[in-house]
Amino acid sequence: GTAAGSAGLGTPMQKVIEMLTSMKVKGQEMMDSEKKVFEKYGKWARNQTLVLKGDISSAARKIEELTAFADKADSDVAELGRRINDLDAEISDLTGQKKAATEDRKAQHEEYLQVSTDLAESVDALERAIQMLASQNYDRAQAEALVQQLAKTTPGMPRVLGAFLQERRALRGDGGAGGPGGAPAVAGYEFQSTGVLDMLKKLLDEFREQSGETEKQEMNAAHAFSMTELHLSDTIAADQADRDEKVVTKGKRAAESAEAKSELAETKAGKEASEKLLSEVETTFELKSKVFEENQQIRTAEIEAIGKAVEILSSPEASGSYSKRIATAFASGPPASFLQLARRVRRTTSSDRAVALLRARAASLRSKTLSEVAAQIAENPFAKVIDMVETLLEKLKEEAANEAEHKAWCDKGLKANKLKRNKKTAEVNELQAQIEELVPKIAEMAGTIEQLAAEQAELTKAIADATAIRQEEKAENTAIVADAKAGAEAVKKAHIVLKEFYASQ
């Protein structure tokens, strides 16, 4: 029974060596696993940093572009507003000119109607007076009396009477009245009524000529007004069309400015979020890098210390013939010899050296794990092996939980990056769709502009042709009017010659 108990005493030392060896292997595995996890995390952090820096750079360029676009749009809106105000003032001024020209033309036409009516009545009265004098053999006094009588009863004759009296004074050459009180001397002349008749015919010709001249002036005035009205109306219509177009363009540019400012605010917010996330990623990566390096150093030192402890416990001094010595000691009964005591001292010294080594390493590395292992070996290296293994298992579970938490953080970052990448991809697709939608519209508008330009060129040519035709007609009318004036002047001179001839007979 004693031998069996002695043999059983060798097993705890072996278990301690096995436990330390297992700790060394697991420590190396955990060190390698932690290194792989950190390499994966470092790769993600670097990729995330590159992506975020690219997003920030793109956002900065986009902010610059949107700012310039919004400023240009606001400038265009202000300039269009000034042009619209100028066009409003010009349209108002042209409308006032058109209204004034219309009122002047209306007054001229009313005056023409009055003068034309008076001349027509005078011509009609003269024709009737001439007909009456020609049908009766009146002497001069009776003829003049008839003229004065008709002036009282016939419309238009008062004007004829005035012209008649003026003409008579011119023929007499005295410029005064013919009788008492300025009344014409009805029977003051001895020549026949043919002189009065000729005078009335001359007045008839003059009134007809005056009526024709008045009609011509009315036609010229009407034509001039039509041209002025057409010019003003066309200018007002062109200005109004230009104004309407600028109003539409102003509204469009204002909407584009508002949209650009909204997108600018969103881009700035996204850039700030990316900068904040980049700072967090870089800071976290830097901290975790330091922690990883420290952990690697500690784990390396722990593995070296455990290996050294295993080497010490596995040396011949501690385990060469451990079972035999223990069995002999318990079987002999008497007190141990000096040799046995020396061997025990050497075995105890080996264990103490392992404990001292673990404690020294734990102190230099500030490792709680090594400190706990050293304390457990020093107190009772055999009874607490199971507790120590369980404690190590708990620590391994805790480290696994920490690694899982770190992996969850990485997964969260990857998910946020994926969501942002999907959002940017959707924006790119939307912009591409807008480009594809606008390309045919741009082509259609280009065709419309080309067609309008062609129509404008045709209108310009038509206006130029019409202007040339009008200039030719004007030149022809001017020549006709000049010929008519020359003819009238010739008839007038011929009439004077004939009148002088008949007056001398």
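Nothing here was measured: the structure is a model prediction, and the numbers come from that model.
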Checklist entry - How about Q108 and D104: does a side-chain donor come under 3.5 Å of a side-chain acceptor? => result no
Item to check | Salt-bridge contact E473-R470 (side-chain N to carboxylate O under 4.0 Å) | outcome: yes
Checklist entry - Is a salt bridge present between E65 and K62, judged by a nitrogen-to-oxygen distance below 4.0 Å? => result no
Checklist entry - Between E215 and Y112, is any side-chain donor less than 3.5 angstrom from a side-chain acceptor? => result yes
Checklist entry - Do L264 and F69 come within less than 4.5 Å of each other through their side chains, counting heavy atoms only? => result no
Next on the checklist: Applying the side-chain hydrogen bond (donor to acceptor under 3.5 Å, both in side chains) criterion to R243, which one of N85, D88, D86 satisfies it?
Outcome noted: D88
Checklist entry - Is the closest basic N to carboxylate O distance between K36 and D32 below 4.0 Å? => result no
Item to check | Salt bridge flag under 4.0 Å for residues E458 and K461 | outcome: no
Checklist entry - Do the charged groups of E437 and K441 touch, with an N to O distance under 4.0 Å? => result yes
Next on the checklist: Is any side-chain heavy atom of H231 closer than 4.5 Å to one of L94?
Outcome noted: no
Checklist entry - Would you call F292 and F285 a side-chain contact if the rule is heavy atoms closer than 4.5 Å? => result no
Checklist entry - Just checking, any donor-acceptor pair under 3.5 angstrom between side chains of R421 and T425? => result no
Checklist entry - Do D55 and S274 meet the criterion of a side-chain donor-acceptor pair at a distance under 3.5 Å? => result no
Checklist entry - Does E294 come within less than 4.0 Å of K290, counting only side-chain N to carboxylate O? => result no
